[in-house]
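Presented below is the structure to which this report refers.
Below, read A as the first sequence line, B as the second, and so on, with proteins coming before strands; counting in each chain starts at 1. Treat the numbers as computed from the prediction; the structure is a model and nothing was measured.
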Number of protein chains: 2
Amino acid sequence: MTPRGKQTVRDLRRSSRSTLLRHLYFHGPLSRQELGTATGLSAGSVSNVTGELLTDGLIEECGSVESDGGRPRILLRVAPGQAHLVGIDIGETQVRVTLFDLALTELASADQPLLAAHDPERVVRMIASGLDQVLTAAGVPAENVLGIGIGVPGIVEQGTGADPGADTVVYGQTFGWDAVPFGRMLREHTPLPLYVDNGAKTLGQAEMWFGAGRGSRHAVVALFGSGVGACVIADGVRFRGATSSAGEWGHTKVHVGGRPCRCGSRGCLEAYVGAEALVERWDGTVPGTSEKAGLAALLRAAEDGQPGAVALLDEAAELLGASIADLVNLFNPERIVIGGWAGLLLGPRLLPAIGEAATRHALAYPRSRTTITLSDLGPDAVTLGAATLPLTHFLDSGGEMPDHLAAVAAV
Amino acid sequence: MTPRGKQTVRDLRRSSRSTLLRHLYFHGPLSRQELGTATGLSAGSVSNVTGELLTDGLIEECGSVESDGGRPRILLRVAPGQAHLVGIDIGETQVRVTLFDLALTELASADQPLLAAHDPERVVRMIASGLDQVLTAAGVPAENVLGIGIGVPGIVEQGTGADPGADTVVYGQTFGWDAVPFGRMLREHTPLPLYVDNGAKTLGQAEMWFGAGRGSRHAVVALFGSGVGACVIADGVRFRGATSSAGEWGHTKVHVGGRPCRCGSRGCLEAYVGAEALVERWDGTVPGTSEKAGLAALLRAAEDGQPGAVALLDEAAELLGASIADLVNLFNPERIVIGGWAGLLLGPRLLPAIGEAATRHALAYPRSRTTITLSDLGPDAVTLGAATLPLTHFLDSGGEMPDHLAAVAAV
DNA sequence: AGACGTTAAATCTCGGCGTGAAGTAAGCAG
DNA sequence: CTGCTTACTTCACGCCGAGATTTAACGTCT
């Protein structure tokens with residue numbers, strides 16, 4: 001059933017390198033000693049592997065800590081400037097390209113407005129020029145970039161071949177993208193490794209690494225914006241499903257046959273509590289026109305005690321709670337994180353009611369093992385999460401520098 | 001984020017053994033040659049490892065196939081009688097204990113009726129006596145049994161220690177079991193390795209190994225009986241969630257605030273389409289009394305064109321389709337298998353309508369990648385699926401014979 | 001200052017692994 | 001019986017991690 005590939009003795013080394021690199025990355029500077037006890041590797045192997053990583057320049061010594069009378073421990077850490085990462089957020093209104101170092105501190109950013117036209121070719125050109133901008137701004141040569149992570153709207157079908165990023169196909173209903181060969185188009189502009197995923201999913205990744213999901217292995221990051229989405233993490237890994245489209249929470253039904261939804265079905269969660277739907281139901285605004293202002297107005301009205309607004313938000317909390325209860329029943333997560341701009345805006349007011357509704361609607365046992373919290377990440381989380389895609393690959397491979405260097409040089 | 005443990009060079013051998021054993025198990029008799037090309041191992045290693053497995057008695061030679069003029073290929077297969085497995089189904093009305101050989105052919109079975117009293121202590125004693133019965137009936141010594149897989153109703157919290165099966169705790173609302181230390185109680189009667197899981201989940205396992213889920217890596221087995229449950233398989237592995245209770249599909253909402261459900265919430269799927277609910281809505285029968293007959297009567301009435309019955313079944317198909325659409329959106333499976341006794345009974349009539357409703361309610365892209373089929377397993381699938389639990393462990397470990405032999409001998 | 005104890009890290013030996021090449025076994029055709 | 005083809009086995013090699021041993025780097029005590 002689960003055919004794990006064969007392994008040679010060299011894979012052991014890769015695995016050791018990966019384990020040590022990962023541990024150093026997430027648990028700060030550590031001595032070889034601590035590294036050994038933490039990872040279970042013998043002191044000899046730690047010495048051996050760290051020596052290799054040191055000569056590769058992937059890690060570096062950084063000070064020492066005295067030990068009770070003996071030789072001091074030398075601390076090791078991942079060398080942050082040895083390699084770089086690019087995270088890209090293709091949003092509804094702009095394309096944002098950010099360059100990070102290995103420690104994911106931001107080095108340079110380039111925003112480009114994306115008004116009416118969402119022509120794929122145009123977006124790709126904007127990415128290419130943004131890439132140029134951030135690299136020259138930070139003075140980082142392209143061959144130092146481990147890879148480019150991109151968060152796009154819509155469903156992303158991952159490639160499977162030797163260059164999977166270049167085979168990525170995007171189905172973005174909001175952009176009118178239907179089976180756009182996004183990876184292939186990008187590949188014509190850059191030889192760097194490409195990692196494309198849904199923007200909500202990269203946001204979820206950021207939340208798991210640096211936000212409210214930190215420390216949990218099973219979580220659902222619920223994203224509440226114009227639409228509603230979710231990113232499911234199972235056992236520390238994003239749940240993708242057969243074609244990477246798992247987690248489309250917004251079109252789960254809360255009232256079968258109820259309000260019509262833009263997806264063509266009726267009674268979807270999004271048709272009730274998506275920001276677009278809420279604003280429309282509140283003041284009849286035409287969809288798409290300044291949702292953020294409309295939602296803020298709805299929130300102010302509710303805080304002023306206006307009955308219609310209060311009722312609308314109460315209903316939203318009830319439905320969100322019930323639908324979160326579905327997530328609890330189906331995924332049994334340790335934690336549910338509510339994010340997205342609408343979630344951040346309404347969260348402080350709605351969270352207690354949502355939690356209470358979830359308790360009423362979910363099975364008692366899994367609900368008791370779940371906490372529901374608000375996201376605590378800023379607006380740049382999508383690019384950050386996108387950058388974790390190549391970073392994950394880097395750590396998994398034990399710090400393998402991609403062999404695109406030659407390709408970059410050749411271009 | 002994903003700390004994979006360290007590995008020593010000996011783990012390689014375990015991995016190779018597991019790969020070969022697995023491949024032989026699922027892809028029938030094969031020659032060493034074919035085994036090598038299929039698994040990617042070199043011919044030398046295949047010879048080496050198969051030699052080891054042969055002397056361990058785990059595999060055996062079985063005939064040969066001529067090759068075009070050259071030395072004939074010697075076929076290898078897993079030795080079916082070398083070890084045995086026990087699968088147990090704790091149902092609403094009986095406890096069934098079945099002994100299998102390694103090829104999962106049934107050797108002996110013992111049924112014991114379980115009427116009103118579902119006292120855990122009594123159930124454990126019935127298991128112990130059933131175990132004795134099947135072992136003596138088949139003449140298999142206890143130390144030949146690799147382990148005991150048990151499907152129980154309710155939520156199962158897996159243990160984590162050195163003897164995880166013995167730390168299993170069961171929360172079975174239908175049986176009135178609240179945090180029953182089921183594993184510990186069983187451990188007092190047998191030293192054999194224990195593997196406990198929810199009965200619906202073991203049924204799902206059986207479906208994936210031998211039923212309609214065969215060949216898919218991402219699937220949802222939807223179980224439709226008195227209640228409604230599901231078993232989610234992601235990438236060939238059962239999706240457990242944080243506390244093994246993932247997949248509680250029956251209490252997802254189809255109409256928030258709708259019909260009251262026995263779980264305490266309202267509008268759950270189970271409150272509309274569970275067999276108990278259907279029968280009650282059809283003829284007002286008190287819950288629990290001969291649901292199967294009631295459901296069959298409902299089906300006959302619908303086939304006779306009785307409007308109430310037709311409407312009820314049409315609504316059930318619509319709701320099931322909508323809720324299956326939720327599963328498609330959230331889990332993005334390749335296949336959805338509808339099983340359970342009620343599913344088998346109503347399936348032939350409802351399947352077209354369910355599929356059509358699912359298409360209307362799910363997102364187009366993931367829906368187009370999913371097929372919805374009926375289960376094709378018999379009523380003994382729960383024990384079969386339960387037996388796959390120790391079998392999976394056996395294959396994963398590369399054919400490790402548990403060291404409980406000493407313990408068995410000592411008892 | 002120098003010897004000593006203590007702890008950290010490097011080095012070395014050892015058994016074990018899978019690969020790939022070379023060698024052997026087992027059938028068939030002429 | 002010879003030669004050919006194919007299946008399998010054996011073996012040298014490079015590499016791995018564990019564990020023991022050695023070296024390094026400090027504080028402290030005399």
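With distances taken from any side-chain atom of Arg10(B) to the nucleotides dG16(C), dT11(C), dC8(D), the minimum falls on dG16(C). Side chain of Pro72(A), nearest nucleotide from dC26(D), dG15(C), dG14(D): dC26(D). Of the candidates dA26(C), dA9(C), dT10(D), the closest approach to any side-chain atom of Ser47(B) belongs to dT10(D). The side chain of Gln33(A) approaches dA8(C) more closely than any other nucleotide in the set dG14(D), dA8(C), dA26(C).
Between Thr8(B) and the phosphate of dG17(D), there is no side-chain N or O to OP1/OP2 separation shorter than 4.0 Å. At the phosphate of dA18(D), OP1 or OP2 sits under 4.0 Å from a side-chain N or O atom of Ser45(A). At dG18(C), one or more side-chain N or O atoms of Ser16(B) fall inside 4.0 Å of OP1 or OP2 (strictly under the cut-off).
No donor-acceptor pair under 3.5 Å is formed between the side chain of Ser244(A) and the backbone N or O of Arg240(A).
Side chain to side chain, Asn332(B) and Thr243(A) meet the donor-acceptor criterion of an N or O pair below 3.5 Å.
Annotation: Arg13(A), atom CZ; neighbour count of heavy atoms from other residues, nucleotides and ligands within 6.0 Å is above 12.
Note on Asp396(B) versus Arg14(B): no salt bridge recorded, every NZ/NE/NH1/NH2 to OD/OE distance being 4.0 Å or above.
Between the side chain of Arg71(B) and the base of dA26(C) there is no donor-acceptor pair of N/O atoms closer than 3.5 Å.
Rounded to an integer number of Å, the gap from Arg32(A) CZ to dA24(D) C1' is 12 Å. Atoms CZ (Arg73(A)) and P (dA25(D)) sit 17 Å apart, rounded to a whole Å.
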